[in-house]
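Reviewing the structure listed below.
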Amino acid sequence: MAASARAQNQGPRTGEAVADDRRVVVLVSGHGSNLQALLDATAEPGSGMTVVLVAADRPDAFGLERARRAGVDTAVVRPADHPDRPAFDLALRDRVAAARPDVVCLAGFMRILGPGFVRAFPDRIVNTHPSLLPAFRGAHAVRDALAYGVKVTGCTVHLVDEEVDHGPVLFQSSVPVEAGDDEDRLHERIKAEEHRLLPAAVRLVAEGRVRVEGRRARIVQPEEVP
Ligand code: GRF
């Protein structure tokens, strides 16, 4: 039975972390299919991870509804409610920090996070981007890749630093462009790869198995984690 189906049969989860579980906070702006992949992965028995908070920058993000259905706490922090971007960053930082995350995951979060946020969670913020970085940074990566005429694109799951779509790479997966692809069709195939890689990357960061050495993220064995 799929994890999401099992969760439905058992009624809503509380979103309360089991004592030793790693705590995951997810930020979303929209549809939230990557969030769903994380909710499903963390709902697996013995996953050792719990999504303790889903926060959005807009109240209509469908990801919030997915969180509510899974019994996970939600928060909305809107830029319009703050005088400037640094103030928004700090408000979001405080809301996220209050959930005591081991890892923060940007899953289709369409805001650039400034230093006020990023410095609070060093090497513990994971983002997924729908291109093979450093190609096609920015908000229209799939459209830009199609327009460029590439034959292969894909996704990159990476740590977040203070530059946009830039931090050390955790995982990448390639996706061939097919004849007749439009943006939506290509993006769906890319998302299928993101849904596979993002939970795996979040787990590694949550378990402290990522060492950052310059631009490189090195994955260590569980025995090497202090
Ligand atoms: C993903 O492709 C992500 O890489 C990009 O936005 C998309 C979000 O999709 N930043 P979803 O909201 O998780 O369905």
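Ligands are counted one by one from 1 in listed order, and the atoms in each one are counted from 1 as well. Values reported hereafter were calculated over all heavy atoms of this structure, with side chains retained and with hydrogens, waters and symmetry mates removed. Here the structure is a predicted model, which is why all the values come from computation and not from measurement.
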For residues 104-124, which side-chain donor-acceptor pairs fall under 3.5 Å, sequence neighbours excluded?
| unit_1 | atom_1 | unit_2 | atom_2 | d |
| --- | --- | --- | --- | --- |
| Arg111 | NE | Asp57 | OD2 | 2.8 |
| Arg119 | NE | Glu162 | OE2 | 2.8 |
| Arg119 | NH2 | Glu162 | OE1 | 3.1 |
| Arg124 | NH1 | Pro101 | O | 2.8 |

Hey, can you pull the donor-acceptor pairs under 3.5 Å for the side chains in residues 143-152, sequence neighbours left out?
| unit_1 | atom_1 | unit_2 | atom_2 | d |
| --- | --- | --- | --- | --- |
| Arg143 | NE | Glu183 | OE1 | 3.2 |
| Arg143 | NH2 | His140 | ND1 | 3.3 |

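Annotation: atom 5 (C) of ligand 1 to nearest protein heavy atom, Pro130 CD, 3.9 Å. If you check which protein heavy atom lies closest to atom 10 (N) of ligand 1, you get Thr128 O, 3.6 Å.
Close contacts of ligand 1 with Gly108, meaning ligand atoms under 4.0 Å from a residue heavy atom, involve 6 (O), 8 (C), 10 (N). Within the listing of ligand 1, atoms 4 (O) sit less than 4.0 angstrom from a heavy atom of His129. Less than 4.0 angstrom separates some heavy atom of Ser33 from each of these atoms of ligand 1: 11 (P), 12 (O), 13 (O), 14 (O).
Ligand 1 has a nitrogen or oxygen under 3.5 angstrom from a nitrogen or oxygen of Gly32.
In this structure, His187 counts as a contact residue of ligand 1, since one of its heavy atoms falls inside 4.0 Å of the ligand.
A side-chain donor-acceptor contact under 3.5 Å links His129 and Ser131.
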Query raised in the report: Going through the checks in order, is the salt bridge (Lys or Arg N to Asp or Glu O under 4.0 Å) test met by Lys191 and Glu194?
Result: CA-CA 5 Å; Lys191 281 191 185 189; Glu194 294 185 291; over 6 Å; no

Requested in this report: I would like to know whether Glu188 and Arg185 meet salt bridge (Lys or Arg N to Asp or Glu O under 4.0 Å); could you show each step before the answer?
Outcome: CA-CA 5 Å; Glu188 281 310 308; Arg185 198 172 96 160; over 6 Å; no

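Leu132 and Cys155 make their closest contact through CD2-O, 3.8 Å (heavy atoms, listed as atom of the first residue, atom of the second, distance).
The option from Lys191, His195, Glu193, Glu194 that lies nearest to atom 2 (O) of ligand 1, judged by heavy atoms, is Glu194.
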